[in-house]
Number of protein chains: 2
Amino acid sequence: MARGKIQIKRIENQTNRQVTYSKRRNGLFKKAHELTVLCDARVSIIMFSSSNKLHEFISPNTTTKEIIDLYQTVSDVDVWSAHYERMQETKRKLLETNRKLRTQIKQRLGECLDELDIQELRSLEEEMENTFKLVRERKFKSLGNQIETTKKKVKTSSIFTHFAFLSYYLSQYFRVM
Amino acid sequence: MARGKIQIKRIENQTNRQVTYSKRRNGLFKKAHELTVLCDARVSIIMFSSSNKLHEFISPNTTTKEIIDLYQTVSDVDVWSAHYERMQETKRKLLETNRKLRTQIKQRLGECLDELDIQELRSLEEEMENTFKLVRERKFKSLGNQIETTKKKVKTSSIFTHFAFLSYYLSQYFRVM
DNA sequence: GACACTATTTATAACAG
DNA sequence: TCTGTTATAAATAGTGT
């Protein structure tokens, strides 16, 4: 018997609370099911008891995941938004950085030079000149290393192989100079 | 009046269905609220009407996100991972692209040349040489444009300004040659 | 469409076994 | 702790405004 009007406030007695939780949970789920059938709706109920026990209801012919995905799509107060926005921002910045890097590379390939003013062209020219020298030196050094290695290998390699490399080296050497 | 036992089956009349949906939804939310207070529980209800309208209930002092996060932790249903993984993958790829672009630029600044073999050095050398020429030509052309502009402006500019620019132009010209 | 009424059904708090 | 009973509160279908 519901003796006296129910006061809606926390049931302090642990046992009564537990019993009421169980009963009302069933009631709630029953109502949810009726609503589903009567009104052709989809309902997801997720609940945690005071002891953090999970109970859920989900309308037949759907899944909780489906409902949550839809919820995410439809609702503006997007539970995922904090993460999502942050990642979107990161992605945006990375794309922007990549774009700038690509422009730099293009300019170092002689493209998009129109965008540069005379000062920028001068810097770039100087930079290219320096790097060109560095690369040339490096290549020369690399060739030097190779000929050293070849000298050491010469005893075990055929005179033909040795000669072939020497020819290549010399051609590169004069190309470089 | 609830005249006659309610049959739990879809209400075919569109209007009645809509009304019942609204009424029962309120009833359900009220019950959920009572359960929250009486039993110290947390409840999340997400529902979609037959016309895909979203309605939700969430216990006070919590958020839908919290409940869903907890739900995900406790149950095995993996709600966000699909989205999350996809974005992580995108980010990873962008960072990788970014890294490669930076390496290319460094090499075009004469750094990190150790990583290149002789063939790569040769390509790079050639590329640098070509670009250097392009940049030089471009600068020369840019200077040419400036002197043209200056010629046209000469009537309205002082002879001093004109002479000063010409000196600069000539210094650049001989620098370029 | 929202609200008011009301006969009835339904849910349930307190209690009992 | 659970299951059942029951007096009573609450919900609500159908109707009217």
Side-chain angles (χ1 to χ4, degrees), chain A residues 1-64 67 70-71 73-77, chain B residues 1-62 64 67 70-71 74-75:
Chain A
M1 321 103 186
R3 288 133 196 222
K5 191 174 175 180
I6 301 162
Q7 295 302 313
I8 303 300
K9 58 186 295 187
R10 187 173 191 270
I11 297 167
E12 294 303 333
N13 181 293
Q14 151 85 41
T15 309
N16 286 349
R17 192 169 66 232
Q18 166 57 35
V19 171
T20 296
Y21 178 73
S22 171
K23 284 185 173 178
R24 277 180 173 260
R25 172 161 42 79
N26 287 333
L28 194 71
F29 286 0
K30 188 181 171 196
K31 291 270 181 208
H33 177 254
E34 289 175 0
L35 190 47
T36 297
V37 175
L38 287 168
C39 307
D40 198 22
R42 282 162 296 163
V43 183
S44 157
I45 304 180
I46 299 172
M47 50 197 293
F48 291 93
S49 70
S50 56
S51 56
N52 284 322
K53 214 164 172 170
L54 167 68
H55 295 278
E56 68 171 315
F57 170 85
I58 184 66
S59 297
N61 305 321
T62 189
T63 63
T64 302
I67 297 294
L70 205 52
Y71 174 76
T73 311
V74 172
S75 87
D76 279 333
V77 186
Chain B
M1 320 105 183
R3 287 136 197 216
K5 189 174 176 180
I6 301 161
Q7 295 302 313
I8 303 300
K9 57 184 296 187
R10 186 173 191 271
I11 297 167
E12 295 302 334
N13 182 294
Q14 153 85 39
T15 309
N16 287 348
R17 192 169 64 231
Q18 167 56 36
V19 171
T20 296
Y21 178 72
S22 173
K23 283 184 174 180
R24 279 181 172 258
R25 171 160 44 78
N26 286 332
L28 194 71
F29 287 180
K30 188 181 173 197
K31 291 270 179 209
H33 178 255
E34 289 175 0
L35 189 47
T36 296
V37 176
L38 288 167
C39 306
D40 198 23
R42 282 163 296 163
V43 184
S44 158
I45 304 181
I46 299 171
M47 51 197 292
F48 291 93
S49 70
S50 57
S51 54
N52 285 321
K53 216 164 173 170
L54 167 68
H55 296 278
E56 68 171 315
F57 169 86
I58 184 66
S59 297
N61 306 319
T62 189
T64 302
I67 297 295
L70 203 53
Y71 174 75
V74 174
S75 74

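When reading the values below, keep in mind they use all heavy atoms of this one structure, side chains included, and skip hydrogens, waters and symmetry mates. Throughout, a chain's letter reflects where its sequence line sits, starting with A, and its residues are numbered from 1.
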Atom CG of A/Asn16 and atom P of C/dA14 are separated, to the nearest Å, by 7 Å

Can you check the A/Asn13 CG to D/dT1 P distance for me, whole Å? 10 Å

Side chains of A/Glu56 and A/Ser44: do they bring a donor and an acceptor to under 3.5 Å? no

Between D/dT8 atom P and A/Lys23 atom NZ, what is the distance in whole Å? 17 Å

Name the orientation class of the two ring planes belonging to B/Phe29 and B/Phe57 (parallel below 30°, tilted from 30 to 60°, perpendicular beyond 60°). tilted

Applying a 4.0 Å non-hydrogen cut-off, can you work out what B/Ser22 is touching in the nucleic acid: base, sugar-phosphate, or nothing? nothing

Closest heavy-atom pair and its distance - A/Val43, B/Met47: CG2-CB, 3.9 Å

Contacts of B/Arg25 that satisfy salt bridge (charged side-chain N to carboxylate O under 4.0 Å, His left out) - sequence neighbours left out: none

Which is true for B/Thr20 with a 4.0 Å heavy-atom rule: it touches a base, it touches only sugar-phosphate, or it touches nothing? sugar-phosphate

Donor-acceptor contact below 3.5 Å, side chain A/Arg10 vs main chain B/Leu38: no

Could you check whether any side-chain N or O of A/Thr36 sits under 3.5 Å from a backbone N or O of A/Ala32, counting only pairs where one atom can act as donor and the other as acceptor? yes

Here the residues of residues 24-38 of chain A within 4.0 Å heavy-atom distance, strictly under, of DNA chain D are A/Lys31

Within this structure, what is the CD-to-P distance between B/Glu12 and D/dG14, rounded to whole angstrom? 13 Å

